[in-house]
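Comments concern the structure below.
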Amino acid sequence: MSAKIIAKNKKGNFCLKLVRMLGLLMVLTVAFLPVGDLANKALAAKPVTLNIQSAWAPTVPILGDTLAVLAENVNTISEGQLKIKIYEPNKLSPTLEIFDAVSSGALDGGWAYPGYWVGKNSAINIFAATPFGPTADGSLAWYYQGGGMELWREIYGKFDVFPLLGGFNSPEAGGWFNKEINSVEDFKGLKLRWAGLGANIVQELGASTALIPAGEIVTSLQKGIIDGAELGNPFLDKLFGMYKGAKYYYFPGWHQTFGAMELLLNKKKWEQLTDQQRSWLETAAKVSMVHSLALGASLQADAMEWFKQNNIQFRRYPPEVLKALRDAMPKVMAQESEKNPDFKKVWESIQSFLDKYDLYNDMNNLSR
């Protein structure tokens, strides 16, 4: 055998031994990794797509496009390793069945408003909107620093659902009426479209309420089936043509000082994600929150200007009416607390937080 062939064989044997040694090292490294780390690394190596059913089309400002912003940011910060595929309303599941579909695992997740699921647990009312509650800054403080997020996830967890706070809808207006509200007596006998805990409160003043779908409100007002209705903030009220059904536009929106938008995920699906993937989702949700607040404020200003130019008759509730509504609230909240320990727990949490927060808020309020 020639010297060249011997040298070549020696070189080949060395390379082969090196490859075997490296392979053995990798096997030993993997063998001593915890099982959770193995699962996390396997998941991280393969891009993940979450199928999300939205309650609103992605083209609808604030409500729908906030999810589109969230999805775009998830894709950007993860460099394509985590994606959200958005499905139009009712594509995979009817809107009011999104929660059940996420709970069962039929959907990876959903995008909606907590108020849609209050039939599951009345405590969800408080996460959706609290009458005479905090506006965006106070609400965010309660969610992230006052224990609200933990309570929210505890209650949803009972249904195998994990929520992320993805946006806030701007404060609602106080409703549309076909007669002026000059006193507490004017509520007696009124037939109103009202939702959430606010409905319980106006009932205390003598009104009757019904939860009519958004698309039927204007027609119901025009036909006299109802005397008044609340729907949303000025932008949404304009979008749905509320001005075509009633004459007087009332403020403030005492019944809903914020409206949460949530990204729901199946709890098992959430737990299967890596820590990094969960962090991407949490971060993107906070960015979409900023989007919703900024865009929402801008659109309200434009809508109010449009109403002004079209001679819509703005009204403010008289102080005595607001006082009566506020005074009716403790009775309503006590009744709900007696029925449901979860409601009591959440209500005491936000009330305790606001007792402290409102001292600062009231002292620093320039309008007082």
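The pair E320-K323 does not meet the salt-bridge criterion, since no charged nitrogen lies less than 4.0 angstrom from a carboxylate oxygen. Using a 4.0 Å cut-off between charged nitrogen and carboxylate oxygen, K345 and D342 do not count as a salt-bridge pair.
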Check step by step if side chain to side chain donor-acceptor pair (under 3.5 Å) holds for W56 and T95.
-> CA-CA 9 Å; W56 309 283; T95 294; over 6 Å; no
Give the C-alpha distance, both sets of side-chain angles, the deciding distance and a yes or no for ring pair (Phe, Tyr, Trp, His ring centres under 6.0 Å) between Y116 and F99.
-> CA-CA 9 Å; Y116 291 159; F99 191 94; over 10 Å; no
Audit row: Y248, F177, ring pair (Phe, Tyr, Trp, His ring centres under 6.0 Å) steps and yes/no | CA-CA 5 Å; Y248 302 105; F177 295 85; 8.9 Å; no
Between D137 and T135, does a side chain to side chain donor-acceptor pair (under 3.5 Å) hold up when you go through it step by step?
-> CA-CA 6 Å; D137 55 348; T135 50; 3.2 Å; yes
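Atom NZ of K179 has more than 12 heavy atoms from other residues, nucleotides or ligands within 6.0 Å. Residue K91 places its NZ atom among 12 or fewer non-hydrogen atoms of other residues, nucleotides or ligands, all under 6.0 Å distant.
Remark: F343 engages no residue in a ring-ring contact (aromatic ring centres under 6.0 Å, His included) (not counting sequence neighbours). When the ring-ring contact (aromatic ring centres under 6.0 Å, His included) test is applied to F168, the partners found at least two apart in sequence or on another chain are F258.
Side chains of N73 and S288 form no contact here, defined as non-hydrogen atoms less than 4.5 Å apart. Taking 4.5 Å as the limit, every side-chain heavy atom of D227 sits out of range of all side-chain heavy atoms of N178. Here the side chains of L265 and L281 are in contact, with some heavy-atom distance below 4.5 Å. No side-chain heavy atom of E180 sits less than 4.5 Å from a side-chain heavy atom of D186.
You'll find the ring centres of F127 and W142 inside the 6.0 Å limit. Taking the centre of each ring, W176 and F307 come in below the 6.0 Å mark.
Of the listed residues (Y249, F314, W306), just one forms a ring pair (Phe, Tyr, Trp, His ring centres under 6.0 Å) with Y243, and that residue is W306.
D108 places no side-chain N or O within donor-acceptor distance of the main-chain N or O of I52, the cut-off being under 3.5 Å.
Judged by a 6.0 Å distance limit and a 45° cone about the ring axis, K356 is not positioned over the six-membered ring of Y360.
Residue pairs meeting the salt bridge (Lys or Arg N to Asp or Glu O under 4.0 Å) criterion with at least one member in residues 282-310, sequence neighbours excluded: R153-E282.
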